[in-house]
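All ligand and atom numbering here is 1-based and tracks the order in the structure. All residue numbers refer to positions in the sequence shown, counting from 1.
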Amino acid sequence: MRLRKIKGAMELLRSHDDIVVLNPTEYYGRWSELFGNSNPINIEIGCGKGKFVYEMAIKNPNINFIAIEKYDSVLIKALRKFINNNIDNVKLVLFDAFELENIFDKEVENLYLNFSDPWPKAKHAKRRLTHANFLKQYKNIINNAIIFKTDNLDLFNYSIESMTDFGMVILEKTNDLHSLDVENTMTEFEKKFSEQGIKINRLVARFEKDEG
Ligand SMILES: C[S@@+](CC[C@H](N)C(=O)[O-])C[C@H]1O[C@@H](n2cnc3c(N)ncnc32)[C@H](O)[C@@H]1O
């Protein structure tokens, strides 16, 4: 996806260093220190305009959220939701998830992947956020689960196969999330797709079976 550069985006991000982290490798292994508490840390990769993380942070004040986005022109839209709102359990990180292992030790509880880019061409499969190369990184940083939502059935089925081949356990799976009576926070893309009548797929997966 090509994005229009927005003049002044980096300056805006820089001027809100209470919310935005532009040097995330420096917090490897010590994100809790940055939040100033030992609450669980959940991350979202590809947060887009930030609706999901904004609402989740308000609903769950005892969980810390780190929202990662690779484009500055997109991250400023998320940032605008947080400016002057006194939400202290969110950090916005400008970073490409290809190098996720450089910013986290095994210090993340859950990972949210919401409406990740599908990269439909086989030659781009390695860019899908549920490709084995990403799962390998997630395994080193996540303690609990991956929660994945998408409108794209091909990507959903690919992800189930990729996770299963990797030895992950699929704990929950649905092809019509909104037909279920479960707590759900909608993302921007989810709202847009479901308003068009498109069904939302969701899965929850873990790296190992629960021994308990
Ligand atoms: C289709 S949008 C979905 C946005 C939002 N999660 C939602 O559901 O409304 C995917 C977002 O992921 C971001 N993204 C894609 N690959 C990424 C990567 N490797 N690292 C960080 N962000 C990424 C894109 O820039 C884009 O903003």
Side-chain angles (χ1 to χ4, degrees), residues 1-6 9-10 12-13 20-25 27-28 31 41-59 65-82 90-104 108 110-121 123-138 140-142 146-156 158-159 162 174 177-178 184-196 198-204:
M1 181 174 53
R2 294 251 173 270
L3 284 176
R4 201 163 48 87
K5 277 277 317 146
I6 295 184
M10 282 309 293
L12 184 66
L13 294 176
V20 179
V21 178
L22 294 174
N23 53 346
T25 52
Y27 295 98
Y28 178 93
W31 287 93
I41 295 172
N42 289 350
I43 68 174
E44 181 189 11
I45 298 179
C47 69
K49 296 178 189 168
K51 175 183 184 299
F52 176 81
V53 73
Y54 176 75
E55 292 176 18
M56 287 291 279
I58 291 172
K59 282 185 202 169
F65 292 89
I66 300 173
I68 300 167
E69 171 55 52
K70 68 177 171 180
Y71 292 117
D72 57 3
S73 56
V74 178
L75 197 63
I76 56 169
K77 294 181 181 155
L79 172 61
R80 289 200 174 105
K81 293 192 169 63
F82 291 93
V90 172
K91 299 292 174 198
L92 303 177
V93 170
L94 183 67
F95 199 73
D96 190 318
F98 270 105
E99 297 180 17
L100 204 63
E101 268 176 323
N102 293 340
I103 61 174
F104 294 113
V108 173
N110 297 303
L111 161 64
Y112 292 98
L113 295 174
N114 292 321
F115 298 83
S116 308
D117 297 331
W119 295 107
K121 291 184 184 159
K123 67 175 181 184
H124 292 145
K126 284 187 177 169
R127 299 184 192 178
R128 296 175 195 151
L129 291 180
T130 50
H131 184 276
N133 289 353
F134 280 104
L135 300 181
K136 228 182 275 171
Q137 295 203 64
Y138 303 155
N140 291 333
I141 67 165
I142 293 172
I146 296 178
I147 301 118
F148 173 54
K149 291 196 279 192
T150 180
D151 59 301
N152 188 305
L153 195 54
D154 287 341
L155 179 65
F156 192 62
Y158 164 87
S159 302
S162 176
T174 177
L177 174 62
H178 297 176
N184 180 45
T185 299
M186 285 222 252
T187 78
E188 261 107 4
F189 273 63
E190 182 172 358
K191 190 165 177 296
K192 191 179 80 179
F193 287 130
S194 56
E195 282 169 1
Q196 293 168 15
I198 298 169
K199 290 199 166 68
I200 307 301
N201 307 282
R202 178 183 186 264
L203 67 78
V204 179

- Query: Can you list the atoms of ligand 1 that are under 4.0 Å from a heavy atom of Thr187?
  - Reply: 7 (C), 8 (O), 9 (O)
- Message: Please list, in number order, the atoms of ligand 1 under 4.0 Å from a heavy atom of Asp96.
- Response: 18 (C), 19 (N), 20 (N)
- Answer yes or no: is there a side-chain heavy-atom contact under 4.5 Å between Leu12 and Leu79? yes
- Is there side-chain contact between Phe148 and Leu155, with heavy atoms separated by less than 4.5 Å? yes
- Item | Flag side-chain contact, heavy atom, 4.5 Å: Ile45 against Leu111 | yes
- Task: Answer yes or no on whether Lys51 is positioned over the face of Tyr54, meaning its NZ or CZ is under 6.0 Å from the six-membered ring centre and within 45° of the axis.
- Result: no
- Task: Could you establish whether Arg127 and ligand 1 come within less than 4.0 Å of each other, counting only heavy atoms on the residue side?
- Result: no
- Lys59 atom NZ, neighbour heavy-atom count above 12 within 6.0 Å: yes
- If you measure every N/O of Gly46 against every N/O of ligand 1, is any gap under 3.5 Å? yes
- Message: Suppose I only count heavy atoms of Glu44 and a 4.0 Å limit; which atoms of ligand 1 are within that range?
- Response: 6 (N)
- Query: Is ligand 1 less than 4.0 angstrom away from at least one heavy atom of Ser116?
  - Reply: no
- Query: Quick check: does Ala97 get an N/O under 3.5 Å from an N/O on ligand 1?
  - Reply: yes
- Could you tell me whether Arg128 sits above the aromatic face of Trp119, with NZ or CZ closer than 6.0 angstrom to the six-membered ring centre and within 45 degrees of the axis? no
- Query: Is any N or O atom of Leu129, backbone or side chain, closer than 3.5 Å to an N or O atom of ligand 1?
  - Reply: no
- Counting from 1 in the order shown, the ligand 1 atoms closer than 4.0 Å to a non-hydrogen atom of Gly48 are 4 (C), 27 (O)
- Counting from 1, what ligand 1 atoms have a heavy atom of Tyr71 closer than 4.0 Å? 25 (O)
- Task: Under 4.0 Å from a heavy atom of Phe95: give me the atoms of ligand 1 that qualify, with their elements.
- Result: 20 (N), 21 (C)
- Item | Closest to atom 10 (C) of ligand 1 among Leu100, Asp117, Ile68 (heavy-atom distance) | Asp117
- Query: Hey, is Glu69 one of the residues with a heavy atom under 4.0 angstrom from ligand 1?
  - Reply: yes
- Item | Subset of ligand 1 atoms that lie under 4.0 Å from at least one heavy atom of Asn114 | 3 (C), 5 (C), 6 (N), 8 (O)
- Query: Is a side-chain N or O of Asn201 found less than 3.5 angstrom from the main chain of Thr150, in a donor-acceptor match?
  - Reply: yes
- Hey, could you give me the CZ/CD1 distance between Phe104 and Ile66, rounded to the nearest 0.5 Å? 4.0 Å
- Item | Exam field: side chain Ser162 to backbone Thr130, donor-acceptor pair closer than 3.5 Å | yes
- CZ on Phe193 to NZ on Lys149, rounded to 0.5 Å: 12.5 Å
- Which ligand 1 atoms, with their elements, are less than 4.0 angstrom from a heavy-atom of Glu188? 9 (O)
